[in-house]
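First the structure, in the form of structure tokens, and then the observations on it.
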There are 2 protein chains.
Amino acid sequence: MSETQKRGRGRPSTFDRPSVLREAMKLFWDNGYEGTTFEELISKMSISPSTFYNSFGSKERLYREATENFMDYAQTWIQSALSEDGVTTRQAFAHLLESAAEQFTREDLPRGCMVSLSGTHQAPDLMPIRDMMVEYRAASEIYLADRIRKGIREGDMPSTIDVDALAAFIHAIVRGMAVQARDGASRAKLENIGRVAMEAWPEARRVAA
Amino acid sequence: MSETQKRGRGRPSTFDRPSVLREAMKLFWDNGYEGTTFEELISKMSISPSTFYNSFGSKERLYREATENFMDYAQTWIQSALSEDGVTTRQAFAHLLESAAEQFTREDLPRGCMVSLSGTHQAPDLMPIRDMMVEYRAASEIYLADRIRKGIREGDMPSTIDVDALAAFIHAIVRGMAVQARDGASRAKLENIGRVAMEAWPEARRVAA
DNA sequence: CGAATTTTGGAGTGAAAGCACCAAAAATGT
DNA sequence: ACATTTTTGGTGCTTTCACTCCAAAATTCG
């Protein structure tokens with residue numbers, strides 16, 4: 001892609017931006033923002049300090065870019081579950097939790113989720129970073145609620161349910177799965193958590209009522 | 001209590017150990033280990049650097065002591081819910097989640113939980129601290145499983161259930177509630193999450209079966 | 001080919017971090 | 001009262017942090 005990209009004049013970069021950004025993402029994901037040093041970054045990214053500064057601005061800007069990069073990627077499997085056609089709302093959410101179990105235990109990426117737990121206990125001077133994470137998390141809960149409302153509109157969810165509470169519940173279970181994933185839980189264990197969680201799904205109770 | 005305490009000879013402390021330890025705990029709880037500086041600590045604890053070093057050893061040792069202090073306190077309300085006499089296992093866990101909602105939104109302490117999310121993304125050289133947190137979390141899941149097994153022994157839980165999966169589920173929901181609490185969720189919202197979670201409780205399905 | 005433009009490597013910088021030391025201060029025990 | 005023991009305040013230390021600067025290198029445009 002950098003071949004087809006029209007390059008201005010000047011010395012060309014020797015590194016591939018997407019791939020070094022991914023390396024930065026993995027470092028931040030594993031060690032957190034404060035736990036990742038400048039030296040570690042430029043070492044794993046294989047770039048010099050000046051290249052770092054020149055190409056990514058600062059540690060904080062790189063973190064934001066890495067987080068955006070992560071979210072773009074995460075949206076893929078989230079959308080894939082929630083926007084799937086021809087499935088019930090219940091099936092969509094069951095699929096979402098299965099995907100979370102799978103994604104949180106991938107071999108080629110750090111375990112868990114980069115945004116689920118980040119910035120929850122952070123220095124006051126890093127408030128902007130914390131706020132970014134809080135916003136991302138809040139947005140994903142709204143996303144869940146929207147999918148549930150779609151289910152109500154389409155008739156496969158009872159209109160009497162508390163949409164926000166159910167969305168908050170699913171949100172909480174995913175964050176909890178992220179904690180366990182980082183603590184070493186297997187994919188099977190995470191899948192079990194998701195299965196138990198789906199027992200709380202309103203539709204299941206309709207059978208009982 | 002320090003009045004009744006037999007003091008050896010030597011100059012007496014001017015500070016109350018439990019209360020400055022509590023200040024340290026609150027700082028670590030809010031800002032995390034890395035996000036809390038030596039200066040902040042001695043400032044909020046109102047002690048000098050040498051007093052700090054002399055009385056608490058190091059930042060890491062203080063953190064461990066503050067964490068133990070937190071766990072002692074947390075065990076109080078956890079035990080209170082899970083060891084309550086004359087209630088079903090289901091009621092005990094419902095009570096536990098209600099207590100979590102209450103405790104995670106206390107006005108006199110930082111929001112959420114000090115150990116639920118700590119050390120999940122941390123620098124490699126702080127691995128001992130991370131390990132401590134992972135152990136605390138694992139221990140609490142075992143604690144939940146033990147309570148469920150007690151329910152099976154006493155006959156108010158079906159013996160066919162997957163105890164570990166159910167314990168992992170409750171564990172996950174509590175950690176997820178901690179994330180939401182730190183992101184600003186109200187007590188009522190956390191209580192709702194707990195209520196929805198309890199819909200997944202096995203006993204509820206027995207009615208349907 | 002030469003000028004312009006951009007990237008690169010390496011050394012260096014100020015600030016802050018956590019910690020350590022030392023002598024003075026304030027208690028106890030005989 | 002005097003020696004002993006322990007705590008205290010202030011200062012200084014070493015390391016690491018994120019970052020910056022500058023000249024050389026490598027490209028494009030005219």
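Computed from a prediction, not measured in an experiment: that's the story for all the values here. Labels below follow one simple rule: chain letters A, B, ... track the order of the sequence lines, proteins then strands, and each chain is numbered from 1.
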Choose from D:dA25, C:dG9, D:dT8 the nucleotide whose nearest atom is closest to any side-chain atom of A:T51. C:dG9

Are any side-chain N or O atoms of B:R147 and backbone N or O atoms of B:A92, one a donor and one an acceptor, separated by less than 3.5 Å? no

Specify the separation, in whole Å, of atom CZ of B:R61 and atom C1' of C:dG18. 14 Å

Classify the side-chain pair A:S116/A:R175 by whether it contains a donor and acceptor separated by less than 3.5 Å. yes

Below 4.0 Å: OP1/OP2 of D:dG10 and any side-chain N or O of B:S48: no

Mind calculating the distance between CZ (A:R11) and C1' (D:dT27) to the nearest angstrom? 9 Å

Report yes if a side-chain nitrogen or oxygen of A:T14 is closer than 4.0 Å to either non-bridging phosphate oxygen (OP1 or OP2) of C:dT8; otherwise report no. yes

Close N or O pairs between protein and nucleotides 16-19 of chain D (under 3.5 Å):
from   : atom 1 : to    : atom 2 : distance (Å)
D:dA18 : OP1    : A:T36 : O      : 3.2
D:dA18 : OP1    : A:K59 : NZ     : 2.4
D:dA18 : OP2    : A:F38 : N      : 2.5
D:dC19 : OP2    : A:K59 : N      : 3.0

Check A:M114 against A:M25 and note the closest heavy-atom contact, atom names and distance. SD-CG, 3.7 Å

Pick base, sugar-phosphate or nothing for B:F56, based on heavy-atom distances below 4.0 Å to the nucleic acid. nothing

Hey, could you give me the CD/CD distance between B:Q91 and B:E84, rounded to the nearest 0.5 Å? 8.0 Å

Rounded to whole Å, the CE-P distance (A:M45 to C:dT8) equals 11 Å

If I compare all heavy atoms of B:W29 with all of B:C113, which pair ends up nearest, and what's the gap? NE1-C, 3.6 Å

Whole-Å gap separating C1' (C:dT6) and CD1 (A:I47): 16 Å

Passes salt bridge (charged side-chain N to carboxylate O under 4.0 Å, His left out), A:R17 versus A:E65? Steps please. CA-CA 11 Å; A:R17 207 169 201 283; A:E65 195 173 336; 2.3 Å; yes

Closest approach of A:I148 to A:A167 (non-hydrogen atoms, all atoms of both residues): CD1-N, 3.8 Å

Atom CZ of B:R17 and atom P of D:dT7: how far apart are they, to the nearest Å? 10 Å

Regarding the side chain of A:N54, the nearest nucleotide among C:dT8, D:dT8, C:dA26 is C:dT8

For B:L126 and C:dA17, give me the distance from atom CG to atom P, rounded to whole Å. 15 Å

Would you kindly give the CD-to-C1' distance between B:E40 and C:dA16, to the nearest whole Å? 12 Å

Expressed in angstrom and rounded to an integer, what is the separation of B:I42 atom CD1 from D:dG10 atom C1'? 11 Å

